[in-house]
Amino acid sequence: MNEELLSVGIDMGTSTTQLVLSKLHIQNMASAFSVPRLVITDKEVVYRSDICFTPVLADNRIDMQQIQTFVVEQYQKAGIQKEEIQTGAVIITGETARKDNANEVLLSLSGFAGDFVVATAGPDLESIIAAKGAGAHTYSKEHNTAIVNIDIGGGTSNLALFASGELMDTGCLDIGGRLIKVDQGTHAITYIAPKIKQLAERRGIELALGMVVTPLTLEPIIGEMVKLLEESVGLRQPSDFYDTIVTNKGLKLERPIPCISFSGGVADYIYKEAVGDVFQYGDIGILLGRAIAASPLTEQMTVARSAETIRATVVGAGSHTTEISGSTITYTEESFPIKSIPILKLTRADEAGSDEVLAQAIADKLNWFKLNNDLQRVAIAIEGKSSPSFAEVQKYARGLYKGMAELLEREYPLIVIVHHDMAKVLGQSLYALLDYKKDVVCIDSVQVDNGDYIDIGKPIAGGKVLPVVIKTLVFH
Amino acid sequence: MNEKDLKSMIESILNEMVGAAPGEQGAAAAATTPTAPTAAPQVVKPEVQSAGLMQTSMPAETAGKAGKANRAEGQTEGHESMSAQEQTVEDNDDYLDDITEIDLRKLLLVPEPADREGYMKMKEKTPARLGVWRAGPRYKTITSLRFRADHAAAQDAVFSYVSEDFVKEMNLVAIETMCRDKDEYITRPDLGRQFSPDMVEQIKKHTIKQAKVQLMVGDGLSSAAIEANLRDIVPAITQGLKMYGIDVGNILFVKHCRVPSMDVIGDVTEADVICLLVGERPGLVTAESMSAYIAYKPTVGMPEARRTVISNIHSGGTPAVEAGAHIAELMKTMIDRKASGIDLKL
């Protein structure tokens with residue numbers, strides 16, 4: 001059995017908006033004599049859109065109308081109908097995520113793009129998606145090494161660290177190619193981002209609006225930006241400005257990182273020389289790329305070639321956001337897709353005790369999800385046990401059942417996500433406790449954490465598995 | 001090849017592995033080779049210790065005695081050789097660490113691997129004994145002993161019985177095939193699938209005619225598998241079937257059970273679906289692996305292709321509880337679609 005999922009990825013970034021279509025291949029990898037084990041075996045990008053500027057209205061709001069037109073055009077060009085799209089993600093990144101109507105645009109666009117196209121936002125997710133699109137996680141797995149991918153865009157540099165295919169950490173710095181803008185004709189500075197201005201002042205570098213610049217006069221400030229990038233991956237001790245330049249958090253840097261890859265618009269000028277005027281885009285992107293290429297970042301670290309540069313984020317959104325659940329799961333309702341459910345992940349201590357302890361922990365922590373005393377829908381995530389006894393499964397079921405009482409009162413379906421392979425029996429146990437009257441969705445083999453959201457799509461592969469997207473929804 | 005020949009062949013291979021010269025077999029080896037077995041532990045001991053595998057060291061003489069006990073196996077039969085080993089331990093007034101408790105997937109004996117992490121990653125993905133290194137052209141002692149230990153566990157699983165207490169505890173209806181003992185069970189597969197007329201009456205008495213499902217349990221080739229998994233899988237199946245409104249009646253326990261015995265039960269009970277939980281032929285990875293053979297209206301003489309199999313049910317494979325939940329759903333599908341085996345397209 002081989003099934004295909006058509007997936008769309010849409011990236012609304014600071015400066016550009018793009019779209020890709022990917023095919024995800026799903027196969028049962030288990031032998032005919034065992035329980036099924038469906039996995040995504042291959043991901044291929046089948047269509048890449050034009051790159052358009054993110055349309056912004058006069059009042060600094062995102063122009064939803066134009067983006068929809070763009071999506072319709074691209075679907076036409078690719079020769080597909082919206083109904084054929086089975087999964088995918090819209091990600092809103094950088095400056096665009098800070099616009100007033102970001103949330104609204106994101107949600108309506110995800111609905112517009114397809115039935116199970118999920119809305120995502122957040123700097124950590126952005127780093128992860130870009131790194132996966134660039135192929136950093138695959139590189140770290142194949143070479144059994146640690147690698148940091150830096151996605152350098154117009155406004156930010158998103159870092160994601162992978163070791164042997166596993167995500168270790170993420171970080172983000174306010175360093176990008178469009179933080180200083182230069183007039184293409186006169187080469188006079190037209191914009192300086194506040195943090196860069198501050199950096200120049202701190203370092204005594206002359207930098208002012210209207211100043212006519214050459215690559216040589218910009219060298220000191222760009223040099224300082226590159227130094228901060230070196231600090232972010234541990235090649236240099238953090239300077240006094242490092243904490244200021246960090247957007248939300250940096251990498252933890254417990255061990256030296258041997259390899260590095262680059263994605264984002266600036267990455268093109270790290271991997272290859274630019275043709276023509278260095279100010280052709282009206283910014284310092286080309287010069288920044290050049291400076292990185294000549295820095296210890298490429299000299300002291302092994303540079304891995306990215307699979308994607310400027311399209312890394314959109315390819316990541318299209319190809320690397322959808323996962324599939326374990327193949328032995330329980331769901332008793334068919335009201336999929338279930339969208340944007342926040343996750344409550346319990347601690348090991350919560351799970352280790354009796355069912356009463358588990359129930360109490362859930363009941364207490366559900367209060368975190370109350371807005372104006374009104375409880376939202378919440379999915380409960382537990383670690384579970386590998387090869388549990390039936391008695392242990394019952395303990396989990398009783399704890400979950402009691403703890404989720406408040407959700408049941410509100411007629412919400414019980415959504416349980418367990419890491420170890422036990423979702424089918426746990427789901428059936430819960431369903432029995434509910435006297436087969438309330439709905440249960442219990443899936444396994446998915447890793448989630450507090451702060452994540454989950455979207456669950458319609459069953460695929462003959463109903464054996466559910467496509468899921470684990471994501472964040474953070475607007476700055 | 002009969003079973004005795006096979007056994008002596010395996011023993012000769014094992015003897016070679018623990019250090020006896022090739023060609024020496026059984027009793028002959030015990031008499032003539034005091035030196036070889038002590039040599040191997042001496043080579044191995046410091047490395048084993050430095051790898052931090054054993055909390056206490058294994059004295060060369062203990063290992064040597066264990067080696068002798070091993071070779072005594074030629075004179076004794078299966079189980080007795082185990083007691084010979086236990087005897088050695090008691091004689092010593094000391095104890096040996098249980099080497100079967102070492103997780104082989106985490107044990108790398110290659111002294112200076114170029115990429116330890118890479119090797120361990122590879123080992124994580126397979127139960128195959130990779131990276132066992134060598135002593136001269138042979139396996140190291142720890143590898144040989146572990147092989148013997150796992151092999152012994154496999155033999156025990158085949159030759160032991162599911163305890164009567166366990167059958168009672170699980171509330172199973174005990175029946176047996178035409179085989180009189182384990183030897184006959186091993187050598188006469190045809191008898192392992194037949195029941196005496198008395199037994200057929202017993203089955204009729206304790207089962208419901210034309211039930212939706214009939215569960216049965218068979219010792220098969222591993223009694224250990226049954227004792228390890230049944231407690232967890234039976235309630236999971238029962239709970240799962242209850243969800244579909246299907247009741248599980250009495251569960252049969254078949255001693256000396258071969259898979260096609262389920263066909264007889266099918267004919268006798270006329271149940272829609274028969275599910276047989278049976279101990280799998282043990283291997284060196286685990287002796288506790290169980291299979292579920294499930295068929296829609298099985299009948300004597302039907303093609304094997306009509307059976308659906310879920311294999312590899314054990315703590316390191318598919319967890320028993322999860323397999324049980326899956327089996328319940330599978331049986332429901334079979335009832336709905338009136339098919340099993342290759343006729344049932346899933």
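Model, not experiment: these values are computed from the prediction. Each chain gets a letter, A, B and so on, in the order the sequences are listed, and its residues count up from 1.
- Of all the listed residues (Gly316(B), Pro319(B), Ser291(B), Gly240(B)), the one sharing the greatest number of non-hydrogen pairs under 4.5 Å with chain A is Pro319(B).
- The interface of residues 241-252 of chain B with chain A, defined by heavy-atom distances below 4.5 Å, comprises Lys242(B), Met243(B).
- At a heavy-atom cut-off of under 4.5 Å, chain A is reached by Val309(B), Ile310(B), Ser311(B) from residues 301-312 of chain B, listed in order of number.
- In terms of heavy-atom pairs under 4.5 Å with chain B, the best-connected choice from Ser389(A), Gly463(A), Ser34(A), Ala432(A) is Ser389(A).
- The neighbour count for Glu169(B) CD, taken as heavy atoms of other residues, nucleotides or ligands under 6.0 Å away, is above 12.
- Of all the heavy atoms in Gln428(A) and Ala236(B), the pair that sits closest is OE1-O, 4.1 Å.
- Between the side chain of Glu322(B) and the main chain of Val425(A), a donor-acceptor pair closer than 3.5 Å is present.
- Proximity to chain B involves both the backbone and the side chain of Val35(A), based on heavy atoms less than 4.5 angstrom apart.
- Only the side chain of Asp115(B) comes within contact range of chain A, judged by heavy atoms closer than 4.5 Å.
- Contacts with chain A (heavy atom to heavy atom, under 4.5 Å) involve no residue of residues 271-286 of chain B.
- If you measure heavy-atom distances from Phe33(A) to chain B, the contacts under 4.5 Å come from both the backbone and the side chain.
- Chosen from Ala32(A), Pro36(A), Ser387(A), the residue pairing most often with chain B at heavy-atom distances under 4.5 Å is Ser387(A).
- The contact between Gln394(A) and chain B is made entirely by side chain atoms (from C-beta outward), counting heavy-atom distances below 4.5 Å.
- Contacts between residues 325-344 of chain B and chain A, counted as heavy-atom pairs separated by less than 4.5 Å, involve Ala325(B), His326(B), Glu329(B).
- Interface remark: of the candidates Gly427(A), Ser386(A), Ser429(A), Ser429(A) forms the most heavy-atom pairs closer than 4.5 Å to chain B.
- Here Phe390(A) contributes atom CZ and Thr238(B) contributes atom OG1; the two are 7.5 Å apart, rounded to the nearest 0.5 Å.
- Within 6.0 Å of NZ on Lys212(B) lie no more than 12 heavy atoms contributed by other residues, nucleotides or ligands.
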